[in-house]
Protein chains: 2
Amino acid sequence: MARAKDGKPTINDVARLAGVSKKTVSRVINRSPLLNAQTREKVEAVIAELGYVPNPQARALALRRNFLIGLIHDNPNAQMVLGVQEGILSAIRDTEFALVVRPVNRRSPDMLDDVRTFLDQQRLFGVLLLPPISENDALAQLCDELGVTYVRMGSVRLDEDVHMVASNDREAVAKAVGYLIGQGHRRIGFVAGPEGFRSAAERALGYRDALDSAGVAIDETIMAEGNYTFETGIAAGEKLLAASPRPSAIFASNDEMAAGVLHAARSIGMSVPEDLSIIGFDDTAIAAHIWPPLTTVRWPIQAMAKAAAIKLIDPVEARDQPSHFLSDLIERASVAPL
Amino acid sequence: MARAKDGKPTINDVARLAGVSKKTVSRVINRSPLLNAQTREKVEAVIAELGYVPNPQARALALRRNFLIGLIHDNPNAQMVLGVQEGILSAIRDTEFALVVRPVNRRSPDMLDDVRTFLDQQRLFGVLLLPPISENDALAQLCDELGVTYVRMGSVRLDEDVHMVASNDREAVAKAVGYLIGQGHRRIGFVAGPEGFRSAAERALGYRDALDSAGVAIDETIMAEGNYTFETGIAAGEKLLAASPRPSAIFASNDEMAAGVLHAARSIGMSVPEDLSIIGFDDTAIAAHIWPPLTTVRWPIQAMAKAAAIKLIDPVEARDQPSHFLSDLIERASVAPL
DNA sequence: TTGTATGCGTTATCAT
DNA sequence: ATGATAACGCATACAA
């Protein structure tokens, strides 16, 4: 009898068949360097023959740590979360790791307690924190306390490299607005994201950078703030398009608001991009599916998530993983030369 | 010393302090009925005092089953997956369960092997299968073989109630098309989903049902097939709008294709809904953010996912959970009376 | 109603 | 370089 009653061979079965001790098998599994080559081969042969796979639950108990990596997020946008999940999966594919997901509520007063019990119980190997909740320093500190390694994803560097994968929103927006300037636009409106979001602040800085380096003065009458929703995008668009002189282009800090601006423009009979050029940010599904298709900025989300996951699970590979990523300007049809 | 070295109290600590055996504590935890009330209270007091929480990894090892529920999907659309995750979470909140996510590739030849190793290794408590991969009977059978309970989510009943949460797409589409008929439309085009998708077939049946009961004849010249993408929606729209006489309304089997139809209509100078009414299906983000906002059909995704999760984790509550759900017609602005 | 002994599958300690 | 034995924290069988 080579196997246990429920069918799955255990380390004991391997040890018995290979004529060695459990510990030796364990050493083979964990690639211990101090091992006779012959012994290793013999054991590996038996493992292959039996189709033996170590039991993660038993390892978790013995090691006091689970082979689970967690994704903690506060629903920034569906596509981002899914992109991140894909990215993580591509990193843990063919490993023993699995991905557990934990949506939380940023505004809930017991969010931290919530995360604490979660981390405490599940004893995760590591967690990935998504924006905007990744901007919460108390959360990162909590992970530290509980001894779970973490990586934060964000729009700017806000932690050491081992704990961070960051895009550079400031630079990306500067590039996008610079592109508008390159098309001849000078009167360029700006729709900011909500106060308190680091991404919003960074994108605003990028806007100013671009105007500064082109020698264009800031004009508060063509700047507005929204909270990343379609509706606030409409409101912002109405305000900006009521200014005189009217802007010939508008950069909105995310796609939903850009769609709102587009809507507002159309409502007063303007055509895009003939009368108004628009650029958004995020490259969500709407960007490609509204009319005209929206020129926008895209984070390399999957690459970022993959790098983050590797930082979490593989300390040696981790060193080679970048902490900074450049976003791409996706040129579609919502921009025209002045 | 009431606690183990790493800080967390174990069942032994509780037993010692309460002056009972481990087994008694275990009985308290598992709510064994045969227990002296005094003993129980005493133990519960100690548990509360220590803040003791059973270690999931140890339980998993002893019970040969993890307290993880899995979500297996093939990326239908991001918002659906996220909605499902939220729904599951609302069911497992305040329990010891966690959610592990596994995206798979429907078309990959080793998809089944992939799932097998995943299930095999992680020894999940149960899994939720999302469409379209939930339509794969071999997958359900695999779960059965491996002894992991499963629930499938789908557009029609394709398994026993314990294994199923289903919307009724046929009825929902019939209602939507009936709504168009109620608005006076008789020449109603149809954009089908891709062959092989159960949802596509059901939606087509609903379309025919509605026409039949209104005594309208089927006309193949105003029917087309797409594969649920924006681009194929455009192509289908072009075909349908080239028919003569032209349809006054079009039902598309999902929102992306509906957006494509809208695009096609606009390209040839038609206005929506003045010249053409359009209804989609899914209520994805684009539906609300294109212009005009799209009338569409929405699955009660969170409710379905929550019911599914309860079916998985709680056999007694499971009996009270519905297996059939009705979709809602979300009336927006893409439909006008003839 | 409660306790004892044993098992779950792995890793760690400390020998040899 | 390898092995015997004891953890890891809980549950189950069987007694008492």
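Every chain is numbered from 1, with letters handed out A, B, ... down the list of sequences. The analysis underlying the following values was restricted to heavy atoms, covering all of them including side chains, and did not include hydrogens, waters or symmetry mates.
- Electrostatic pairing of D161(B) and K311(B) does not count as a salt bridge here, judged by no charged N lying under 4.0 Å from a carboxylate O.
- Residue I47(B) contributes atom CD1, which lies 10 Å from atom P of dC10(D) at whole-angstrom precision.
- Per the geometry, NZ belonging to K8(A) stands 11 Å off P belonging to dG9(C), to the nearest Å.
- Q57(A) has its CD atom 16 Å from the C1' atom of dG7(C), to the nearest Å.
- Side chain to side chain, N66(B) and Q122(B) fail the donor-acceptor criterion of an N or O pair below 3.5 Å.
- Straight-line distance from the CZ atom of R31(B) to the P atom of dA11(D): 12 Å, rounded to whole Å.
- The terminal axes of the helix from dT1(C)-dA16(D) to dT16(C)-dA1(D), fitted over 5 pairs per end, subtend an angle of 40° to the nearest 10°.
- The nearest whole Å value for the distance from the CZ atom in F67(B) to the P atom in dG9(D) is 17 Å.
- For residues 299-310 of chain B, the set of pairs meeting the side chain to side chain donor-acceptor pair (under 3.5 Å) definition, not counting sequence neighbours, comprises S167(B)-W299(B), D169(B)-W299(B).
- Nucleic acid contact for T39(A): sugar-phosphate only, since backbone atoms but no base atoms lie under 4.0 Å from a heavy atom of the residue.
- Taking each heavy atom of R116(A) and L146(A) in turn, the nearest pair found is NH1-CD2, 3.9 Å.
- Taking side-chain N and O atoms only, T24(A) has a distance below 4.0 Å to OP1 or OP2 of dG3(D).
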Problem - Residue pair D110(A), S108(A): steps toward the side-chain hydrogen bond (donor to acceptor under 3.5 Å, both in side chains) verdict - result: CA-CA 5 Å; D110(A) 36 48; S108(A) 163; 2.7 Å; yes
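- For the pair L99(B) and I92(B), the tightest heavy-atom approach, listed with the atom from each and the gap, is N-CD1, 4.0 Å.
- Under the 4.0 Å criterion applied to side-chain N and carboxylate O atoms, K8(A) and D13(A) are not assigned as salt-bridge partners.
- Although no hydrogens or angles enter the test, the distance criterion places a donor-acceptor pair under 3.5 Å between the side chain of E135(A) and the main chain of R198(A).
- There is a side-chain donor-acceptor pair under 3.5 Å between R59(B) and N30(B).
- The separation between L61(A) atom CG and dA7(D) atom P is 14 Å, rounded to whole Å.
- If you measure from atom NZ of K42(B) to atom C1' of dG3(C), you get 13 Å, rounded to the nearest angstrom.
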Problem - B/S/- contact track for nucleotides 10-16 of chain C, protein heavy atom under 4.0 Å - result: BBB----
